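Treat the numbers as computed from the prediction; the structure is a model and nothing was measured. Heads up: numbering here begins at 1 and tracks the sequence.
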Amino acid sequence: MNEEKTKINRVLISGGGTGGHIFPALSIANAVRRRFPEAEILFVGALGRMEMERVPAAGYRIEGLPVAGFDRKRLWRNFGVLIKLWKSLRKARRIVRDFRPDIAVGVGGYASGPVLKQAQKQGVPTLLQEQNSYAGVTNKLLAKKAKAICVAYDGMDRFFPAASITKTGNPVRTDLENCTLTQAEAKRQLGFDSEKLLVLAVGGSLGARTVNQAIAASLPMLRDKGVSLMWQTGRYGAPEFQKLAGGYDNVRATTFISDMDVAYRAADLVVSRAGAGTISELQNLGKACVLVPSPNVAEDHQRHNAEALSTRGAAVMILDAEAVATLPATLESLITDPAKRAALSSEISKMALRNADEKIVDIIINTIEAAI
(Lines give C-alpha, C1' and ligand atoms only; values in the text may rest on other atoms or scores of the structure.)
Protein backbone atom coordinates (compact mmCIF):
# COMPACT_ATOMS: atom_id res chain seq x y z
CA MET A 1 0.00 0.00 0.00
CA ASN A 2 1.31 3.45 -0.90
CA GLU A 3 -0.47 6.23 0.98
CA GLU A 4 1.26 8.86 -1.16
CA LYS A 5 -0.63 7.50 -4.16
CA THR A 6 -3.94 6.91 -2.45
CA LYS A 7 -5.53 10.08 -1.16
CA ILE A 8 -8.77 10.02 0.78
CA ASN A 9 -10.85 13.01 -0.24
CA ARG A 10 -14.33 12.43 1.19
CA VAL A 11 -15.54 9.90 3.79
CA LEU A 12 -19.18 9.42 4.76
CA ILE A 13 -19.70 7.87 8.22
CA SER A 14 -23.14 6.81 9.37
CA GLY A 15 -24.67 5.30 12.47
CA GLY A 16 -25.11 6.09 16.13
CA GLY A 17 -27.89 6.03 18.67
CA THR A 18 -25.62 5.04 21.57
CA GLY A 19 -22.11 5.81 22.71
CA GLY A 20 -21.18 2.28 21.65
CA HIS A 21 -21.71 3.34 18.04
CA ILE A 22 -20.64 6.97 18.29
CA PHE A 23 -17.21 6.54 19.95
CA PRO A 24 -15.96 4.05 17.30
CA ALA A 25 -17.28 6.31 14.54
CA LEU A 26 -15.42 9.31 15.96
CA SER A 27 -12.26 7.23 16.47
CA ILE A 28 -12.32 6.20 12.81
CA ALA A 29 -12.88 9.81 11.72
CA ASN A 30 -10.00 11.02 13.91
CA ALA A 31 -7.68 8.36 12.46
CA VAL A 32 -8.62 9.40 8.90
CA ARG A 33 -7.97 13.02 9.79
CA ARG A 34 -4.57 12.28 11.34
CA ARG A 35 -3.38 10.67 8.12
CA PHE A 36 -5.33 12.80 5.63
CA PRO A 37 -5.80 16.24 7.26
CA GLU A 38 -7.49 17.66 4.17
CA ALA A 39 -10.11 14.92 3.89
CA GLU A 40 -13.75 15.96 4.13
CA ILE A 41 -15.67 13.86 6.64
CA LEU A 42 -19.46 13.95 6.86
CA PHE A 43 -21.50 12.10 9.47
CA VAL A 44 -25.12 11.08 9.07
CA GLY A 45 -27.12 10.26 12.19
CA ALA A 46 -30.67 9.94 13.43
CA LEU A 47 -32.49 13.12 14.39
CA GLY A 48 -33.00 13.41 18.12
CA ARG A 49 -30.29 10.89 19.00
CA MET A 50 -27.10 11.65 20.90
CA GLU A 51 -24.85 11.73 17.83
CA MET A 52 -26.52 14.99 16.77
CA GLU A 53 -24.79 16.65 19.75
CA ARG A 54 -21.66 14.53 20.23
CA VAL A 55 -20.42 14.66 16.63
CA PRO A 56 -20.50 18.48 16.23
CA ALA A 57 -18.89 18.78 19.68
CA ALA A 58 -16.00 16.68 18.30
CA GLY A 59 -15.61 19.07 15.36
CA TYR A 60 -17.39 17.22 12.57
CA ARG A 61 -20.35 18.07 10.36
CA ILE A 62 -23.45 15.90 10.66
CA GLU A 63 -26.79 15.58 8.88
CA GLY A 64 -29.79 13.98 10.51
CA LEU A 65 -32.36 11.53 9.16
CA PRO A 66 -35.89 11.11 10.58
CA VAL A 67 -35.30 7.37 10.93
CA ALA A 68 -36.51 5.31 13.91
CA GLY A 69 -36.32 1.69 14.99
CA PHE A 70 -39.13 -0.80 14.58
CA ASP A 71 -41.35 -1.41 17.58
CA ARG A 72 -41.29 -5.19 17.88
CA LYS A 73 -43.85 -5.33 20.68
CA ARG A 74 -46.45 -2.86 19.37
CA LEU A 75 -46.53 -3.59 15.67
CA TRP A 76 -49.33 -1.12 14.94
CA ARG A 77 -46.92 1.72 15.65
CA ASN A 78 -44.68 0.78 12.73
CA PHE A 79 -46.74 2.56 10.06
CA GLY A 80 -45.14 5.82 11.18
CA VAL A 81 -41.74 4.11 11.27
CA LEU A 82 -42.15 3.09 7.62
CA ILE A 83 -42.99 6.66 6.63
CA LYS A 84 -39.84 7.86 8.42
CA LEU A 85 -37.79 5.17 6.67
CA TRP A 86 -39.10 6.26 3.26
CA LYS A 87 -38.21 9.90 4.03
CA SER A 88 -34.80 8.83 5.31
CA LEU A 89 -34.02 6.85 2.16
CA ARG A 90 -34.88 9.88 0.01
CA LYS A 91 -32.71 12.20 2.08
CA ALA A 92 -29.87 9.65 2.20
CA ARG A 93 -29.96 9.36 -1.60
CA ARG A 94 -29.53 13.13 -1.88
CA ILE A 95 -26.72 13.22 0.70
CA VAL A 96 -24.73 10.50 -1.08
CA ARG A 97 -25.29 12.09 -4.49
CA ASP A 98 -24.24 15.57 -3.37
CA PHE A 99 -21.31 14.60 -1.13
CA ARG A 100 -19.84 12.05 -3.58
CA PRO A 101 -17.84 10.08 -0.99
CA ASP A 102 -14.88 7.86 -1.80
CA ILE A 103 -16.31 5.39 0.70
CA ALA A 104 -19.25 5.09 3.09
CA VAL A 105 -18.59 3.62 6.55
CA GLY A 106 -21.42 2.19 8.65
CA VAL A 107 -20.99 1.61 12.38
CA GLY A 108 -24.48 0.29 13.09
CA GLY A 109 -27.56 2.08 14.38
CA TYR A 110 -30.70 3.36 12.73
CA ALA A 111 -29.18 5.85 10.29
CA SER A 112 -26.55 3.57 8.78
CA GLY A 113 -29.15 1.43 7.01
CA PRO A 114 -30.60 4.05 4.65
CA VAL A 115 -27.24 5.73 4.06
CA LEU A 116 -25.24 2.64 3.18
CA LYS A 117 -28.11 1.21 1.15
CA GLN A 118 -28.14 4.34 -1.00
CA ALA A 119 -24.34 4.37 -1.22
CA GLN A 120 -24.37 0.79 -2.49
CA LYS A 121 -27.04 1.68 -5.05
CA GLN A 122 -24.90 4.56 -6.32
CA GLY A 123 -21.78 2.44 -6.65
CA VAL A 124 -19.96 3.84 -3.62
CA PRO A 125 -17.85 1.18 -1.85
CA THR A 126 -19.05 0.49 1.70
CA LEU A 127 -17.31 -0.68 4.86
CA LEU A 128 -19.12 -2.01 7.92
CA GLN A 129 -17.77 -1.87 11.46
CA GLU A 130 -19.49 -4.38 13.74
CA GLN A 131 -18.65 -3.89 17.41
CA ASN A 132 -20.50 -6.85 18.94
CA SER A 133 -20.02 -10.60 18.99
CA TYR A 134 -23.61 -10.96 17.76
CA ALA A 135 -24.16 -8.88 14.64
CA GLY A 136 -26.83 -6.20 14.51
CA VAL A 137 -29.76 -6.38 12.11
CA THR A 138 -28.68 -3.35 10.06
CA ASN A 139 -25.17 -4.67 9.41
CA LYS A 140 -26.49 -8.14 8.54
CA LEU A 141 -28.80 -6.62 5.92
CA LEU A 142 -25.98 -4.56 4.40
CA ALA A 143 -23.26 -7.21 4.53
CA LYS A 144 -23.85 -8.93 1.19
CA LYS A 145 -22.89 -5.83 -0.82
CA ALA A 146 -20.29 -4.45 1.59
CA LYS A 147 -16.73 -4.42 0.27
CA ALA A 148 -15.19 -4.83 3.73
CA ILE A 149 -16.43 -5.76 7.20
CA CYS A 150 -14.35 -5.01 10.31
CA VAL A 151 -15.13 -7.10 13.39
CA ALA A 152 -13.89 -7.56 16.95
CA TYR A 153 -14.67 -11.23 17.59
CA ASP A 154 -13.96 -14.60 16.03
CA GLY A 155 -16.73 -16.60 14.39
CA MET A 156 -18.41 -13.66 12.68
CA ASP A 157 -18.61 -15.61 9.42
CA ARG A 158 -21.88 -17.01 10.77
CA PHE A 159 -23.32 -13.54 10.05
CA PHE A 160 -21.17 -12.15 7.25
CA PRO A 161 -19.42 -13.37 4.07
CA ALA A 162 -16.07 -14.72 5.27
CA ALA A 163 -14.13 -13.17 2.38
CA SER A 164 -15.18 -9.66 3.47
CA ILE A 165 -14.20 -9.99 7.14
CA THR A 166 -11.11 -8.58 8.84
CA LYS A 167 -10.69 -8.86 12.62
CA THR A 168 -9.51 -5.40 13.63
CA GLY A 169 -11.01 -4.97 17.09
CA ASN A 170 -13.07 -1.98 18.15
CA PRO A 171 -11.66 1.56 18.08
CA VAL A 172 -11.42 3.01 21.60
CA ARG A 173 -10.74 6.46 22.99
CA THR A 174 -6.98 6.99 22.74
CA ASP A 175 -6.77 9.00 25.98
CA LEU A 176 -7.56 5.85 27.99
CA GLU A 177 -4.31 4.16 26.96
CA ASN A 178 -2.23 7.34 27.13
CA CYS A 179 -2.67 7.92 30.87
CA THR A 180 0.82 8.12 32.43
CA LEU A 181 -0.22 7.95 36.10
CA THR A 182 0.68 4.98 38.27
CA GLN A 183 -2.24 3.21 39.94
CA ALA A 184 -1.35 4.76 43.31
CA GLU A 185 -1.16 8.24 41.76
CA ALA A 186 -4.51 7.75 40.04
CA LYS A 187 -6.17 6.69 43.30
CA ARG A 188 -4.80 9.74 45.10
CA GLN A 189 -5.89 12.05 42.27
CA LEU A 190 -9.44 10.73 42.64
CA GLY A 191 -9.34 11.27 46.40
CA PHE A 192 -8.90 7.65 47.52
CA ASP A 193 -6.39 5.92 49.79
CA SER A 194 -3.68 4.55 47.50
CA GLU A 195 -3.17 1.54 49.78
CA LYS A 196 -6.77 0.31 49.52
CA LEU A 197 -8.40 -1.75 46.79
CA LEU A 198 -10.67 0.28 44.51
CA VAL A 199 -13.79 -1.00 42.75
CA LEU A 200 -15.03 1.06 39.79
CA ALA A 201 -18.75 0.67 38.99
CA VAL A 202 -20.12 2.10 35.73
CA GLY A 203 -23.50 1.55 34.14
CA GLY A 204 -23.51 4.12 31.38
CA SER A 205 -24.18 7.87 31.24
CA LEU A 206 -27.91 7.44 31.86
CA GLY A 207 -27.41 4.76 34.50
CA ALA A 208 -28.29 1.07 34.79
CA ARG A 209 -30.80 0.53 37.56
CA THR A 210 -29.98 -3.11 38.18
CA VAL A 211 -26.25 -2.38 38.40
CA ASN A 212 -26.95 0.48 40.79
CA GLN A 213 -29.18 -1.70 42.96
CA ALA A 214 -26.56 -4.45 43.03
CA ILE A 215 -23.83 -1.99 44.00
CA ALA A 216 -26.12 -0.59 46.71
CA ALA A 217 -26.53 -4.11 48.10
CA SER A 218 -22.72 -4.45 48.15
CA LEU A 219 -22.00 -1.26 50.12
CA PRO A 220 -21.88 -2.81 53.63
CA MET A 221 -19.54 -5.58 52.47
CA LEU A 222 -17.21 -3.11 50.72
CA ARG A 223 -17.03 -0.99 53.87
CA ASP A 224 -16.36 -4.02 56.05
CA LYS A 225 -13.58 -5.18 53.73
CA GLY A 226 -11.94 -1.74 53.67
CA VAL A 227 -12.47 -1.39 49.91
CA SER A 228 -12.98 1.94 48.15
CA LEU A 229 -15.72 2.43 45.54
CA MET A 230 -15.96 4.90 42.68
CA TRP A 231 -19.56 4.72 41.51
CA GLN A 232 -20.97 6.27 38.36
CA THR A 233 -24.70 6.24 39.06
CA GLY A 234 -25.76 7.80 35.77
CA ARG A 235 -28.31 10.56 35.40
CA TYR A 236 -31.43 8.57 36.28
CA GLY A 237 -29.95 7.00 39.40
CA ALA A 238 -28.30 10.12 40.74
CA PRO A 239 -30.67 11.35 43.48
CA GLU A 240 -31.49 7.97 45.01
CA PHE A 241 -28.13 6.25 44.90
CA GLN A 242 -25.91 9.25 45.57
CA LYS A 243 -27.92 9.95 48.73
CA LEU A 244 -27.37 6.33 49.76
CA ALA A 245 -23.64 6.58 49.06
CA GLY A 246 -23.42 9.62 51.31
CA GLY A 247 -23.56 7.33 54.34
CA TYR A 248 -20.26 5.65 53.44
CA ASP A 249 -16.91 7.41 53.68
CA ASN A 250 -15.25 4.83 51.39
CA VAL A 251 -17.55 5.69 48.46
CA ARG A 252 -17.44 8.47 45.89
CA ALA A 253 -20.66 8.52 43.83
CA THR A 254 -21.00 10.78 40.81
CA THR A 255 -23.46 11.16 37.95
CA PHE A 256 -20.79 10.98 35.27
CA ILE A 257 -17.04 10.29 35.30
CA SER A 258 -15.33 12.68 32.91
CA ASP A 259 -11.77 11.48 33.65
CA MET A 260 -12.28 7.82 32.75
CA ASP A 261 -8.60 7.41 31.93
CA VAL A 262 -7.73 8.12 35.56
CA ALA A 263 -10.63 6.03 36.88
CA TYR A 264 -9.61 3.00 34.85
CA ARG A 265 -5.96 3.37 35.86
CA ALA A 266 -6.95 3.53 39.54
CA ALA A 267 -9.34 0.56 39.51
CA ASP A 268 -8.41 -2.89 40.82
CA LEU A 269 -11.78 -4.32 39.75
CA VAL A 270 -14.51 -3.01 37.42
CA VAL A 271 -18.26 -3.69 37.49
CA SER A 272 -19.91 -2.77 34.21
CA ARG A 273 -22.51 -3.45 31.57
CA ALA A 274 -21.21 -5.43 28.59
CA GLY A 275 -21.35 -2.98 25.72
CA ALA A 276 -18.82 -3.71 22.99
CA GLY A 277 -16.92 -0.44 23.42
CA THR A 278 -16.57 -0.89 27.17
CA ILE A 279 -15.35 -4.46 26.72
CA SER A 280 -12.72 -3.34 24.22
CA GLU A 281 -11.53 -0.72 26.71
CA LEU A 282 -11.31 -3.33 29.48
CA GLN A 283 -9.40 -5.67 27.16
CA ASN A 284 -6.89 -3.03 26.09
CA LEU A 285 -6.34 -1.95 29.70
CA GLY A 286 -6.26 -5.49 31.11
CA LYS A 287 -8.85 -4.86 33.80
CA ALA A 288 -10.35 -7.62 35.94
CA CYS A 289 -14.09 -7.18 35.65
CA VAL A 290 -17.58 -8.36 36.52
CA LEU A 291 -19.97 -7.91 33.59
CA VAL A 292 -23.74 -7.52 34.03
CA PRO A 293 -25.13 -7.57 30.47
CA SER A 294 -28.18 -5.45 29.80
CA PRO A 295 -31.23 -7.53 28.80
CA ASN A 296 -32.78 -4.52 27.06
CA VAL A 297 -30.72 -4.51 23.86
CA ALA A 298 -31.30 -5.88 20.38
CA GLU A 299 -30.54 -9.59 19.87
CA ASP A 300 -29.41 -9.77 23.53
CA HIS A 301 -25.98 -8.84 22.17
CA GLN A 302 -24.52 -7.76 25.52
CA ARG A 303 -24.97 -11.27 26.90
CA HIS A 304 -23.18 -12.67 23.83
CA ASN A 305 -20.37 -10.13 24.37
CA ALA A 306 -20.00 -11.10 28.03
CA GLU A 307 -20.08 -14.82 27.28
CA ALA A 308 -17.27 -14.39 24.75
CA LEU A 309 -15.11 -13.33 27.72
CA SER A 310 -16.52 -15.39 30.59
CA THR A 311 -16.16 -18.69 28.71
CA ARG A 312 -12.42 -17.94 28.38
CA GLY A 313 -11.91 -16.98 32.01
CA ALA A 314 -11.43 -13.35 30.98
CA ALA A 315 -14.37 -11.93 32.97
CA VAL A 316 -17.05 -12.93 35.45
CA MET A 317 -20.58 -12.66 34.08
CA ILE A 318 -23.69 -12.17 36.22
CA LEU A 319 -27.08 -12.09 34.53
CA ASP A 320 -29.14 -8.97 35.13
CA ALA A 321 -31.92 -10.84 36.93
CA GLU A 322 -29.41 -12.31 39.41
CA ALA A 323 -27.19 -9.28 39.97
CA VAL A 324 -28.75 -7.80 43.11
CA ALA A 325 -28.70 -11.19 44.87
CA THR A 326 -25.25 -12.37 43.75
CA LEU A 327 -23.01 -9.35 43.14
CA PRO A 328 -22.04 -8.77 46.82
CA ALA A 329 -20.73 -12.33 47.25
CA THR A 330 -19.07 -12.29 43.82
CA LEU A 331 -17.22 -9.06 44.62
CA GLU A 332 -16.20 -10.37 48.03
CA SER A 333 -14.72 -13.51 46.50
CA LEU A 334 -12.67 -11.46 44.04
CA ILE A 335 -11.60 -8.91 46.64
CA THR A 336 -10.21 -11.68 48.86
CA ASP A 337 -8.55 -13.57 45.98
CA PRO A 338 -5.82 -11.50 44.31
CA ALA A 339 -4.71 -14.52 42.26
CA LYS A 340 -8.17 -14.73 40.67
CA ARG A 341 -8.11 -11.02 39.84
CA ALA A 342 -4.66 -11.42 38.31
CA ALA A 343 -5.86 -14.36 36.21
CA LEU A 344 -8.85 -12.37 34.93
CA SER A 345 -6.56 -9.47 34.06
CA SER A 346 -4.14 -11.74 32.22
CA GLU A 347 -6.84 -13.49 30.19
CA ILE A 348 -8.71 -10.33 29.19
CA SER A 349 -5.42 -8.74 28.09
CA LYS A 350 -4.85 -11.65 25.71
CA MET A 351 -8.06 -10.70 23.89
CA ALA A 352 -6.99 -7.09 23.28
CA LEU A 353 -6.83 -5.85 19.69
CA ARG A 354 -5.09 -2.51 19.75
CA ASN A 355 -4.82 0.25 17.12
CA ALA A 356 -8.15 -0.78 15.59
CA ASP A 357 -8.76 2.72 14.24
CA GLU A 358 -5.51 2.68 12.25
CA LYS A 359 -6.20 -0.82 10.96
CA ILE A 360 -9.63 0.30 9.76
CA VAL A 361 -8.10 3.27 7.92
CA ASP A 362 -5.72 0.82 6.20
CA ILE A 363 -8.75 -1.17 5.05
CA ILE A 364 -10.53 2.01 3.92
CA ILE A 365 -7.49 2.83 1.75
CA ASN A 366 -7.36 -0.69 0.30
CA THR A 367 -11.09 -0.61 -0.42
CA ILE A 368 -10.85 2.72 -2.23
CA GLU A 369 -7.84 1.47 -4.24
CA ALA A 370 -9.75 -1.67 -5.26
CA ALA A 371 -12.67 0.46 -6.47
CA ILE A 372 -10.55 2.74 -8.66
Show me the side-chain donor-acceptor pairs of residues 36-53 shorter than 3.5 Å, one per line, residues at least two apart or across chains.
unit_1	atom_1	unit_2	atom_2	d
Arg49	NH2	Gly17	O	3.3
Glu51	OE1	Gly17	N	2.7
Glu51	OE2	Ala46	N	2.8

Side chains of residues 329-338: which donor-acceptor pairs under 3.5 Å do they make with residues two or more places apart or in other chains?
unit_1	atom_1	unit_2	atom_2	d
Thr330	OG1	Thr326	O	2.9
Glu332	OE2	Lys225	NZ	3.4
Ser333	OG	Thr330	O	2.7
Thr336	OG1	Glu332	O	2.9
Thr336	OG1	Ser333	O	3.3
Asp337	OD1	Ala339	N	3.3
Asp337	OD1	Lys340	N	3.1

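Under the 3.5 Å distance criterion, with hydrogens and angles disregarded, no donor-acceptor pair is assigned to the side chains of Ser228 and Asn250. Side-chain polar atoms of Thr233 and Asn212 form no donor-acceptor pair below 3.5 angstrom.
Here the side chains of Leu309 and Met317 are not in contact, with every heavy-atom distance at 4.5 Å or above. Residues Arg252 and Trp231 fail the side-chain proximity criterion, which asks for heavy atoms closer than 4.5 Å. Looking at Val11 and Ile13, their side chains come closer than 4.5 Å, going by heavy atoms from C-beta outward.
Looking at every heavy atom in both residues, Gln283 comes nearest to Arg354 through O-NH2, 4.1 Å. Closest heavy-atom contact between Gly15 and Ala111: N-CB, 4.4 Å. Leu190 and Ala263 get closest at one heavy-atom pair: CD1-CA, 3.8 Å. Of all non-hydrogen atoms in Arg273 and Gly203, the two that sit nearest each other are CG-O, 4.3 Å. Considering all non-hydrogen atoms of both residues, Ser112 and Gly109 come closest at OG-O, 2.9 Å. Taking both residues in full, the closest heavy atoms of Arg188 and Ser194 are given as NH1-OG, 3.3 Å, listed atom of the first, atom of the second, then distance.
Partner of Leu198 under the side chain to side chain contact (heavy atoms under 4.5 Å, CB included) criterion, chosen from Leu269, Asp268, Val227, Val270: Asp268.
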For the pair Thr255 and Gln232, evaluate side-chain contact (heavy atoms from CB on, under 4.5 Å) and give the outcome as yes or no after the intermediate values. CA-CA 5 Å; Thr255 303; Gln232 179 179 289; over 6 Å; no
Let me see the working for Leu127 and Ile103 under side-chain contact (heavy atoms from CB on, under 4.5 Å), right down to the final yes or no. CA-CA 7 Å; Leu127 179 148; Ile103 192 166; 4.2 Å; yes
Full working for side chain to side chain donor-acceptor pair (under 3.5 Å) between Asp259 and Tyr264: CA-CA 9 Å; Asp259 45 357; Tyr264 271 136; over 6 Å; no
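For Gln120, the side-chain hydrogen bond (donor to acceptor under 3.5 Å, both in side chains) partners at least two apart in sequence or on another chain are Thr126. Contacts of Gln131 classified as side-chain hydrogen bond (donor to acceptor under 3.5 Å, both in side chains), with partners at least two apart in sequence or in another chain: His21, Gln129. The side-chain contact (heavy atoms from CB on, under 4.5 Å) search around Leu141 returns Val137, not counting sequence neighbours.
Checked by atom type and distance alone, the side chain of Asp261 never pairs as donor or acceptor with a backbone atom of Cys179 at under 3.5 Å.
Clustering of Ile, Leu, Val, Met, Phe, Trp and Tyr side chains at separations under 4.5 Å leaves Phe23 isolated, with no partner residue.
Separation of the Tyr134 and Tyr153 ring centroids does not fall under the 6.0 Å cut-off.
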